[in-house]
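Bear in mind the structure is a predicted one, so any value in this text is a computation, not a measurement. For ligands, and for the atoms within them, numbers begin at 1 and follow the listed sequence.
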Amino acid sequence: MIGVAQEGASVSITGLGCQVPERVVRNDELSQYVETSDEWIQERTGIKERRIAAESEALSDVALPAARAALAQAGLEGSDIDLLIVATVTPDMAFPSTGAILADRLGAVDAAAYDLSSGCTGFMYAIAQAYGMLAAGLATRALVVGGDLLSRILDWSDRSTLVLFGDGAGAVVLEATPGGGFLGFELGADGAGGMHLWLPGSGSRIFDDADKHVKMNGREVFKFATRVLVRSAQDVLARCGATIDDVDVYIPHQANVRIIEHATKKLGIPSERVVINVDRYGNTSSGSIPLALADAEADGRLRPGKLVLMTGMGAGLSWGSALIRWTKEAA
Ligand code: ACO
């Protein structure tokens, strides 16, 4: 799916917040659980540490402060929201949705609230969906949360996945603005590659030996990731009549520094325009892009007028890009 913003329907991000669990787990600690080393992890992924949720925490507990911060930045209360989407593959439980749980905790009594599952691409799908509902006049103020506690579904004895992921959440408020905002989206999925990154036994399909942990063919996902990060970005830029030279801030999914560097080089974007925080958080799945947005705002790169390109990719296999003319003043 590819499309540009509707004429006269300017929708932008007016609030931004993020939250990560308190506990920092450095690479050295992981070598207590599996045969690995800080050197291997840093060299192959660029990751130094990640946050891991406490046993008492569920996704909604981590997402709630992020959502509150985003609302506060936008100058809104929970009751002002009429659409709440939570992008996640690790909801508190299958149902009620974490969207409904969060809506209750925020006092968003008039909001349509639900979860959206598309792996690490979930946040990109969710903001496209929220944009569509706002542009069509179905909703007026949306809260979109992206977050995961992937530590809950990892096999802590599998070194090929354990070292890659971390827990965290981010949230954005979307509202109509006088100008600027989202310019276009490109989203896609290739189910034929789905079994390269999957969670067998987590749904209605019965498996003989499912242990309900993430399984990944790292090399295949690596090839897919480098391919779609470049193609999706190029497609959305072309459809919006922009080039990579116009992009001020590039926010790729934070899976692996090597994947990001590969995409950056192929796209031809200078490294100072690229946001990287995978070294501190690992791959936080649906939380990755909003956490990176929050970092880019904190370091002063997100200012009104800047052209921001975001691309997510992950389980599905799926991918999604958005181009936005930033309108929000820094907090
Ligand atoms: N520590 C030490 N050695 C390891 C580890 C580890 N944690 N993991 C694997 N190895 C070993 C392997 O067993 C292998 O050993 P061998 O040569 O004796 O067989 C060797 O290291 C090399 O393994 P490769 O898999 O070839 O390593 P590669 O350079 O491909 O890096 C990695 C692996 C980091 C997983 C890479 O393939 C990757 O980043 N893939 C993409 C993963 C990704 O982005 N996933 C998330 C997608 S988003 C989502 O939706 C969740």
Side-chain angles (χ1 to χ4, degrees), residues 25-50 59 87-90 116-126 146-169 187-191 193-200 202 213-230 232 251-263 276-279 281-292 310-321:
V25 172
R26 301 204 167 81
N27 292 343
D28 282 338
E29 186 182 331
L30 294 183
S31 56
Q32 294 170 21
Y33 313 122
V34 291
E35 206 180 316
T36 190
S37 64
D38 177 45
E39 192 191 359
W40 191 96
I41 300 169
Q42 284 209 46
E43 190 190 309
R44 301 289 177 127
T45 71
I47 299 167
K48 295 181 180 153
E49 60 188 44
R50 74 283 295 140
L59 176 65
T88 186
V89 291
T90 51
L116 185 156
S117 164
S118 189
C120 302
T121 316
F123 180 78
M124 300 308 300
Y125 271 59
D148 270 306
L149 305 190
L150 274 204
S151 64
R152 294 286 201 266
I153 54 170
L154 292 176
D155 176 352
W156 280 64
S157 65
D158 176 7
R159 69 178 182 177
S160 71
T161 49
L162 178 64
V163 303
L164 303 176
F165 298 99
D167 300 337
L187 308 168
D190 173 15
M195 282 177 193
H196 294 315
L197 179 55
W198 63 327
L199 190 59
S202 57
H213 290 126
V214 174
K215 310 262 185 264
M216 186 181 68
N217 178 337
R219 284 181 199 180
E220 285 301 322
V221 176
F222 194 97
K223 280 193 268 174
F224 158 78
T226 47
R227 195 172 62 242
V228 293
L229 276 186
V230 175
S232 180
I251 302 191
H253 173 49
Q254 304 288 309
N256 181 328
V257 163
R258 282 163 57 214
I259 294 174
I260 295 173
E261 283 174 354
H262 186 278
I276 297 181
N277 65 12
V278 66
D279 52 323
Y281 298 136
N283 178 351
T284 54
S285 187
S286 310
S288 159
I289 302 253
L291 277 167
M310 307 177 240
T311 301
M313 55 79 194
L317 299 170
S318 61
W319 65 89
S321 289

message: Show me which atoms of ligand 1 lie under 4.0 Å from any heavy atom of Met313.
response: 48 (S)
task: Identify, by atom number and element, the atoms of ligand 1 in contact range of Arg44, meaning under 4.0 Å from any of its heavy atoms.
output: 22 (C), 27 (O), 28 (P), 29 (O)
message: Residue-level breakdown please: for Leu197 versus ligand 1, do any non-hydrogen atoms fall below 4.0 Å on the side chain, on the backbone, on both, or on neither?
response: side chain
query: Who gets closest to atom 49 (C) of ligand 1 by heavy atom: Gly314, Gly122, Cys120?
result: Cys120
- prompt: Does Asn283 reach the side chain of His253, with side-chain heavy atoms less than 4.5 Å apart?
  reply: yes
statement: Counting from 1 in the order shown, the ligand 1 atoms closer than 4.0 Å to a non-hydrogen atom of Val163 are 7 (N)
- line: Any heavy atom of Leu162 under 4.0 Å from ligand 1? The part involved is neither
- line: So for His253 against ligand 1, with non-hydrogen atoms under 4.0 Å, the contacting part is side chain
task: Would you check, one step at a time, whether the test side chain to side chain donor-acceptor pair (under 3.5 Å) holds for Ser318 with Ser118?
output: CA-CA 7 Å; Ser318 61; Ser118 189; 3.2 Å; yes
query: What atoms in ligand 1 come closer than 4.0 Å to a heavy atom of Asn256?
result: 34 (C), 38 (C), 39 (O)
query: Taking atom CD of Glu35 as the centre, does the number of heavy atoms from other residues, nucleotides or ligands within less than 6.0 Å exceed 12?
result: no
- request: Select the closest option to atom 42 (C) of ligand 1 among His196, Met216, Arg219, judged by heavy-atom distance.
  value: Met216
query: Take atom NZ in Lys215; do more than 12 heavy atoms of anything else shown fall under 6.0 Å from it?
result: yes
statement: So the atoms of ligand 1 within less than 4.0 Å of a heavy atom of Ile259 turn out to be 41 (C), 44 (O)
task: Kindly compute the distance separating OG (Ser288) from CG (Asn277), expressed to the nearest 0.5 Å.
output: 7.0 Å
query: Does Thr45 approach ligand 1 within less than 4.0 angstrom via side chain, backbone, both or neither, non-hydrogen atoms only?
result: side chain
field: Side chain, backbone, both or neither: Ile41 near ligand 1, heavy atoms under 4.0 Å
entry: neither
- request: Tell me which part of Phe222 gets within contact of ligand 1: side chain, backbone, both or neither, using heavy atoms under 4.0 Å.
  value: both
query: Going by atom types only, do Thr45 and Asn256 share a side-chain donor-acceptor pair under 3.5 Å?
result: no
query: Is the shortest distance from a heavy atom of Ser285 to ligand 1 less than 4.0 Å?
result: no
query: For ligand 1, which atoms have a heavy atom of Glu35 less than 4.0 angstrom away?
result: 1 (N), 2 (C)
